[in-house]
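Below is one structure, written out as structure tokens; comments come after it.
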Number of protein chains: 2
Amino acid sequence: MSEPGWRVVLLLAGAFRQGVDALHSELADQGYPGARPLHGFALQAIGPEGCTINQLGQRLGVSKQAAAKTATGLEDAGYIAREPVPGDRRAVLLRRTERAEEFLAASAAGFEHVVDRWRRHLGAGRFDAMVEALAEIADDGRPIGDLPGWLTQRPST
Amino acid sequence: MSEPGWRVVLLLAGAFRQGVDALHSELADQGYPGARPLHGFALQAIGPEGCTINQLGQRLGVSKQAAAKTATGLEDAGYIAREPVPGDRRAVLLRRTERAEEFLAASAAGFEHVVDRWRRHLGAGRFDAMVEALAEIADDGRPIGDLPGWLTQRPST
DNA sequence: CAAATTAGACAACTTGGTTGTCTAATACGT
DNA sequence: ACGTATTAGACAACCAAGTTGTCTAATTTG
């Protein structure tokens, strides 16, 4: 009973934040100074094959309107392009650009770097145990794209 | 090398989220259905002695304007009251109400409950090891109040 | 006592989320 | 085959939390 409960939850937030901060400081050094955490998540959700706005919303766990805004942002930043969908003139295919692929590669490498620092600091044994424990606690499989909204929106119904 | 780096970071987010979600579902059952994560953080920052808006901003790590908005929200929700500061007619003392104290007590109990579920699930040994590892990874001591903004704002400087 | 600082309010803007409404295109059922 | 549903996406209005900038009143300082 050394740690009060709230502190454990805060440690999770702190570690997450520490990881994301370290990643973005690295990305900034590599030519992506304006990158925001959500960029990576959304591009990952779009996938190498691309997807429509509705699909993006479903994959991120947000409304299609929110997905549309995200897509606009990504397009403005040069990370995606809109293509027509052959056979359905309503739909629009969001497709990652070259720049997006490079960004994702840099991002993956950055994550690897950050996590490796943790592994070296803790030692492989403790690190693996921690990851395993986290995997049992975090209810996986839920989309995480709505992280920002989740913090601010009131716990719905 | 079982887990890719990004997955570990996502696990941290997922566990944090899982904890906060469980807490708020519990709080909702206990008569605080509109409670948002930031309420607890801000009330904790205000402290039992109360503080001014500027101090709140410093403690949360946000601008005083943001702190003022937060204070307004807390006041509207009945969690704080404004009192004049004797000896400085510019300043306003934000003081927690009875309702805030009750809410904080329920929140602390809820956190304890949530974390205890984790401890029982993992076993005390694995749980303690995880917490210890997290404490070494999370850079502690930094104010946490700006979590929502931190996700969305572009990495400054 | 004048000048600088401080506390807080107010306004405008950004980013992310939500609902609700709307049009155009596609799918379906008779 | 045609009229009716459903679907994809755009647009608008709003909420929540953040930012910077400007302003006034009060206090501190030289």
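Lettering follows sequence order; numbering is per chain, from 1.
Look at A/Asn54 and you'll find a side-chain N or O under 4.0 angstrom from OP1 or OP2 of D/dG9. Between B/Arg82 and C/dA9 there is a side-chain N or O to OP1 or OP2 distance below 4.0 Å. Distances shown here put a side-chain N or O of A/Arg89 below 4.0 Å from the OP1 or OP2 atom of C/dT26. Of the side-chain N and O atoms in A/Thr70, one or more sit less than 4.0 angstrom from OP1 or OP2 of C/dG17. Distances shorter than 4.0 Å separate some side-chain N or O of B/Thr52 from OP1 or OP2 on C/dG8. At C/dT15, none of the side-chain N or O atoms of A/Thr72 fall inside 4.0 Å of OP1 or OP2 (strictly under the cut-off).
Atom-to-atom, CG of A/Leu56 to C1' of D/dT7 comes out at 17 Å; the value is rounded to the nearest Å. What separates CG of A/Leu93 from C1' of C/dA25 is a distance of 17 Å, to the nearest Å. Here D/dT7 presents its P atom at 14 Å from CD of A/Gln55, a figure rounded to the nearest Å. As rounded to whole Å, 6 Å separates atom P of C/dG17 from atom CG of A/Leu38. Rounded to whole Å, the distance from NZ on B/Lys69 to P on C/dA12 is 12 Å. In this structure, B/Ile53 atom CD1 and D/dG18 atom P are separated by 13 Å, rounded to whole Å. What separates CG of A/Leu147 from P of D/dG18 is a distance of 16 Å, to the nearest Å. Rounding to whole angstrom units, NZ of residue B/Lys64 and P of D/dG18 are separated by 16 Å.
For the pair A/Ala67 and B/Val85, both in contact range of DNA chain C, the more 5′-proximal nearest nucleotide belongs to B/Val85. Mapping B/Asp88 and A/Ala91 onto DNA chain D by nearest heavy atom places A/Ala91 closer to the 5' end of the strand.
Linking ILVMFWY side-chain heavy atoms closer than 4.5 Å, directly or via other members, places B/Ile53 and B/Leu93 in two distinct hydrophobic clusters.
For B/Arg90 and C/dT6, a side-chain-to-base donor-acceptor distance below 3.5 Å is present, hydrogens and geometry of angles not being considered. Counting distance only, with no hydrogens placed and no angle test, the side-chain atoms of A/Gln65 and the base atoms of C/dG17 include no donor-acceptor pair under 3.5 Å.
For the atom pair B/Arg36 CZ and B/Phe41 CZ, the distance stands at 12.5 Å (nearest 0.5 Å).
Of all the heavy atoms in B/Ala42 and B/Thr70, the pair that sits closest is CB-CG2, 3.9 Å. Annotation for B/Val9 and A/Val115: closest pair CG2-CG2, 4.2 Å, computed over non-hydrogen atoms.
Within the 6.0 Å centre-distance limit, the rings of A/Tyr32 and A/Phe103 are counted as a close aromatic pair.
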